[in-house]
Amino acid sequence: MSITELGRTGGGPAPNGGTDLAVRAEGLMKTFGEHRAVDGIDLHVRPGEIFGVLGPNGAGKTTMLRMLATLLKIDAGRAEIFGVDVAGNPHVIRQLVGVTGQYASVDENLTARENLWLFSRLQGIAAPRARRIGTELLGQFGLEEAADKPVAQFSGGMRRRLDLAASLITRPPLIFLDEPTTGLDPRTRGQMWDTIRGLVTDGCTVLLTTQYLDEADQLADRVAVIDHGRKVAEGTPDELKTAVGNSTLQLQLAEPGEVPAAVEVVRRVLGSDPVISPERGRLNVALDQADLAADVLIALRTAGVSISSVSVAKPSLDEVFLALTGHETDEHDETGTEENR
Amino acid sequence: MSTLIAPAREVVTAADRVAAARRRISIGETLGQTMMMAWRALKKMRRNPEQFFDVALQPILFTAMFAFIFGGAIAGDVQSYLPLMIPGILAQTVLTTCMATGTQLREDMEKGVFDRFKSLPIARIAPLAGPMVADLLRYTIAATLTFGMGLVMGYRPGGGAGGVLAAILLAIFTGWSLAWVFTWVGTIARSAQAVQGISMMILFPLTFLSNAFVPVETLPGWLAAFVRINPVSHLVTAARDLANRAVVSGEVAWTILACLIVMAIFAPLSVRSYKRHM
C-alpha cells in the first residue's frame, strides 16, 4: 500500500506507514458523452506540500478535482486520499477535504457571518464554538467590516476570501483550490497567495489548479501540466522552466524561407533546437540565461539571416505548452499529445 | 509534518483525522442538518418577501373569483356554494404552493452554494428536505388565508374552529407530502422553466379532475372514475367533512395513506437524482 520510491520528502516524514500520500490517483478517467474530459491521469500529492495542476481552459483540471472531491463519479481508475478510497467512502472523504470552487460557493442571500454559521452548524459544531470560529475566520480574512452584509453585495475578491474561509471551518488536512485567483486584481491575488502559503504552515496539504505559470511558480512545490485530459509533464517549477528555458527569445525572420538556416545557427550556439511557431517565419528560442540572447543574435547576423523583430520574454504558459506538447493551448486542437519530453 | 512552528494553533494531522472520521450519518445528525437547511430557507424567505405573493394572493383571488363565477351555476347561489368550494380552493392552493417548491429548489441548485452542500459531510437529503420544512410556513399562510377569505365572504363552517383546524392540518400534511413529487421534478428537469412547465402538467389534471369545484355526479362515467381515485378528491372530501361537519371520515385515512405512498416513492427518487445530478 505504501509508496516509498518517490524519494524526495515533501513536508517531512509521513504520520504513519500506511498513508504517506495525501492524494494518490491512478488512471483517473471521466467521459462526458463522446468527450473524454480526463483521460487516465496519475497523481501523487505528498502531505504538507502545495501541488499545482497547470493547464489551459478545458484541459480537465476542474473535472479531475471534482472527481477527487466526490462531486463527480469516477468513471475508471482509482483514487485514495490519505489512504481512504474515494469512491468507496465518500462520507469520510468529505470530512478530510475542504473544497473551494472556481465560482464562490457561498449563499448570496445570507451574510458572511450567517454563511460561516450555516456551514459550521451543518458539520456538527456546537453553537458557541461555531460563533467563535466564525468571528475568528472573519478576522483572519479581513471580512469583519462586511460581516453582517449580504454576500450579494460583496466584490469578487471578498467572495473568494469568504469561500476559502468556509472551506477552513473544520481545518481539513487537505484543501482543494480550483483556480483560486482567476479574475482577481493583482493586489488581491498577492493576498490570496499569502493565505495559501499560510495553510501549509498549519499542516495542511493543498492541491490547486491554475492557468498561470507564475502562480504555480510562486506557490507550488510540484506541478503537473495537464492537457486534453492527460498529464504531459510533472516536476518542480524549476524543472519545468528549465525544460522551457528561463526566458524565451522570440525571433521574427524577415525571410520565412530562412527558418532552416536560423535553426541551424541556434543549434550551433546553444546546443538545442528552437521551437518553430505556427506563425510564418517565427522562432521561439528557450534560454537558460537572458544573456545568451546576444550570442544568438550575433551568430545570426554573422550567418546573414536577417531579422524583422526580436524580443526576450519570460516563458508564458503558451510556451510551456508549445515546448511540452508541440502545440499551442488551443482547446479545439485535436493533434496528439506527446508524452513527457 | 509536525515539524513546523504553529503558535497557539494545533497542527492538522491527517492520520488523526482519518481515524476520527465518522463512517455514517445518524438520524439525529440528519434531522439537525435538515433544520439548519430550513433555517437557511427561512432567512431567504425573509429577505425575498416576493416569494409570498403566490401564497398570499391566490387564495384571496381564487376564492372570490370562483365563488362568483361558478356559485350560481353549480349550487344555485354563492352562499350555498362556499361550503363545497372552500375546501376545494384549500386543496388547490396548497398544491400550487408545493409546486413552487420544485421551481425554487431548481433555481437554488443552479447556484454555487449547492456545490458546497455536496462537498460537505452531510446527509444528502438535508438540502432537499430543509426548504420543504420551511415551506410548512407557506402552506400555513395559504390555508389560513383561504378560510379567512371564505369567512369574509360569508362562509360559516359547521365543523367549528376544531374542524377547520383539522382540515388545515390535513391540507398542510398533504401539500408537504406531494411536494416530494415536485422536488423530484426539480432535480431531474433541465431548468427552472422546465420544472414550471412539467409541474403545471401534473397540477392541472390533479386539481381540476377532482371534486374540488364540481360534484362528481355531474361528470360522465369515465371521468367520474378518475376523479374518485384522485388523491386530491380524497383530500377535498376529507376537508369538507372536517370543516363542515366536524366528522373524521374514512377519507382522512385514504388521504394520509396516499400521501405516505407518494413520499415513500418520491423522497428516495429525489435523493437519488440529486446525488447523480451535476
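Lettering follows sequence order; numbering is per chain, from 1.
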| Are the side chains of A:L143 and A:L137 in touch, meaning some heavy atoms are under 4.5 Å apart? | no
| said: Which atoms of A:L118 are under 4.5 Å from chain B, going by heavy atoms: the side chain, the backbone, both sets, or neither? | reply: both
| message | Checking side-chain polar atoms at under 3.5 Å, does B:Q58 have a donor or acceptor matched by the opposite partner on B:T96? | response | yes
| So which of B:M35, B:R47, B:Q33 has the biggest tally of heavy-atom pairs under 4.5 Å with chain A? | B:R47
| task | Check the side chains of A:D178 and A:T62 for a donor-acceptor pair under 3.5 angstrom, ignoring hydrogens and angles. | result | yes
| Heavy-atom pair count under 4.5 Å with chain A, highest-scoring of B:K111, B:M37, B:K43, B:R124 | B:R124
| Heavy-atom side-chain proximity of A:K30 to A:I74 below 4.5 angstrom | no
| field | B:R24 versus chain A, the contacting section by heavy-atom distance below 4.5 Å | value | backbone
| query | Can any side-chain N or O of A:T181 pair as donor or acceptor with the backbone N or O of A:L184 at less than 3.5 Å? | reply | no
| Under a 4.5 Å heavy-atom cut-off, does chain A meet the side chain of B:R22, its backbone, both or neither? | both
| field | Backbone of A:E144 reached by a side-chain donor or acceptor of A:R113 within 3.5 Å | value | no
| field | chain A contact via B:N48 - side chain, backbone, both or neither, heavy atoms under 4.5 Å | value | side chain
| field | Top contributor to chain B interface from A:V97, A:D163, A:T170 [non-hydrogen pairs under 4.5 Å] | value | A:D163
| request: Mind ranking A:T70, A:N115, A:V106 by heavy-atom pairs under 4.5 Å with chain B and telling me who comes out on top? | output: A:V106
| field | chain B contact via A:E108 - which portion, at a heavy-atom distance below 4.5 Å | value | neither
| said: Keeping A:R160 on the side-chain end and A:P180 on the backbone end, is there a donor-acceptor pair under 3.5 Å? | reply: yes
| Side chain / backbone / both / neither for B:E29 at chain A, heavy atoms under 4.5 Å | neither
